[in-house]
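Have a look at the structure below, then the notes.
Numbers here are sequence positions counted from 1.
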Amino acid sequence: MRVRILFAYNTNVLIFVGVVTLALSDIERKVLRIIGNFYAMKPKPPSIDVICVKTGRDREGVMTVLETLTREEYIEWRREEPDKMEVITSWERKER
């Protein structure tokens with residue numbers, strides 16, 4: 001399990017805030033960032049082929065990452081319509 005320990009400063013004193021579990025791997029974060037950045041530039045999601053080029057992964061590897069992001073509720077996506085995807089904003093995600 002990957003974790004991040006959170007600290008905060010209060011009047012120049014380092015205070016322990018808590019521990020957050022990092023749910024995404026590097027490739028999952030990269031794909032999510034690609035999708036989000038693509039939406040920021042264009043009003044449509046990137047194609048699977050574009051994600052393959054930007055990540056250097058094969059099509060099946062990208063599909064697996066998209067399935068994980070869907071299961072973890074970071075995006076809405078279906079394998080039957082691979083080029084249709086939508087990022088779920090943090091306040092829309094269910095608490096885990």
Side-chain angles (χ1 to χ4, degrees):
M1 172 173 37
R2 299 178 310 249
V3 296
R4 176 179 292 159
I5 299 174
L6 302 177
F7 292 96
Y9 285 97
N10 185 8
T11 62
N12 297 327
V13 177
L14 190 63
I15 299 171
F16 173 75
V17 175
V19 176
V20 175
T21 302
L22 300 178
L24 298 177
S25 67
D26 289 340
I27 187 63
E28 292 162 352
R29 279 194 307 275
K30 184 175 187 175
V31 169
L32 188 58
R33 192 172 323 132
I34 289 168
I35 296 167
N37 289 342
F38 210 85
Y39 266 115
M41 295 175 5
K42 300 178 181 181
K44 63 177 188 163
S47 67
I48 300 298
D49 294 332
V50 167
I51 297 172
C52 289
V53 168
K54 293 190 178 294
T55 61
R57 301 281 174 130
D58 63 356
R59 189 172 180 86
E60 193 55 39
V62 168
M63 299 286 255
T64 302
V65 170
L66 291 173
E67 286 172 346
T68 302
L69 290 173
T70 301
R71 185 174 55 253
E72 295 293 324
E73 297 177 348
Y74 285 95
I75 64 171
E76 288 182 5
W77 176 80
R78 291 189 340 200
R79 200 173 195 42
E80 300 79 33
E81 299 176 290
D83 291 335
K84 292 184 180 180
M85 61 190 78
E86 186 174 332
V87 175
I88 300 173
T89 55
S90 59
W91 60 85
E92 294 174 326
R93 292 183 69 217
K94 294 177 185 171
E95 280 298 317
R96 294 197 164 262

Side-chain touch [X]/[Y], heavy atoms, less than 4.5 angstrom:
X   : Y   : answer
D49 : R59 : yes
C52 : D58 : no
I51 : K30 : no

Rounded to the nearest 0.5 Å, how far does [atom2] of [Y] lie from [atom1] of [X]?
X   : Y   : atom1 : atom2 : result
K54 : I35 : NZ    : CD1   : 12.5 Å
S47 : K84 : OG    : NZ    : 14.5 Å
M85 : F38 : CE    : CZ    : 9.5 Å
T70 : M63 : OG1   : CE    : 10.5 Å
L32 : L69 : CG    : CG    : 5.5 Å

- Query: Any donor-acceptor pair under 3.5 Å linking the side chain of W77 with the backbone of P82?
  - Reply: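 Side chain of W77 to backbone of P82, a donor-acceptor pair under 3.5 Å: yes, one is there.
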- Between the main-chain N or O of S25 and the side-chain N or O of E28, is there a donor-acceptor pair closer than 3.5 Å?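 Judged by distance alone, yes, a pair lies under 3.5 Å.
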- L24 and Y74: CA distance, side-chain angles, deciding distance, side chain to side chain contact (heavy atoms under 4.5 Å, CB included) verdict: CA-CA 10 Å; L24 298 177; Y74 285 95; 3.5 Å; yes
- Should V50 and I27 be counted in the same cluster of Ile, Leu, Val, Met, Phe, Trp and Tyr side chains packed under 4.5 Å apart?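 No; tracing contacts between hydrophobic side chains, which count when under 4.5 Å, never links both residues.
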- Message: I'd like to know whether T55 forms a side chain to side chain contact (heavy atoms under 4.5 Å, CB included) with V65, so could you lay out the CA-CA distance, the side-chain angles of the two residues, the decisive distance to 0.1 Å, and finally the verdict.
- Response: CA-CA 11 Å; T55 61; V65 170; over 6 Å; no
- Query: Is R78 paired with E86 through a side-chain N to carboxylate O contact shorter than 4.0 Å?
  - Reply: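 Between R78 and E86 there is no salt bridge, as every charged N stays at least 4.0 Å from the carboxylate O atoms.
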- Minimal non-hydrogen separation, I48 against V62, with atom names: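 Smallest heavy-atom distance, with atoms named: CG2-CG1, 4.2 Å.
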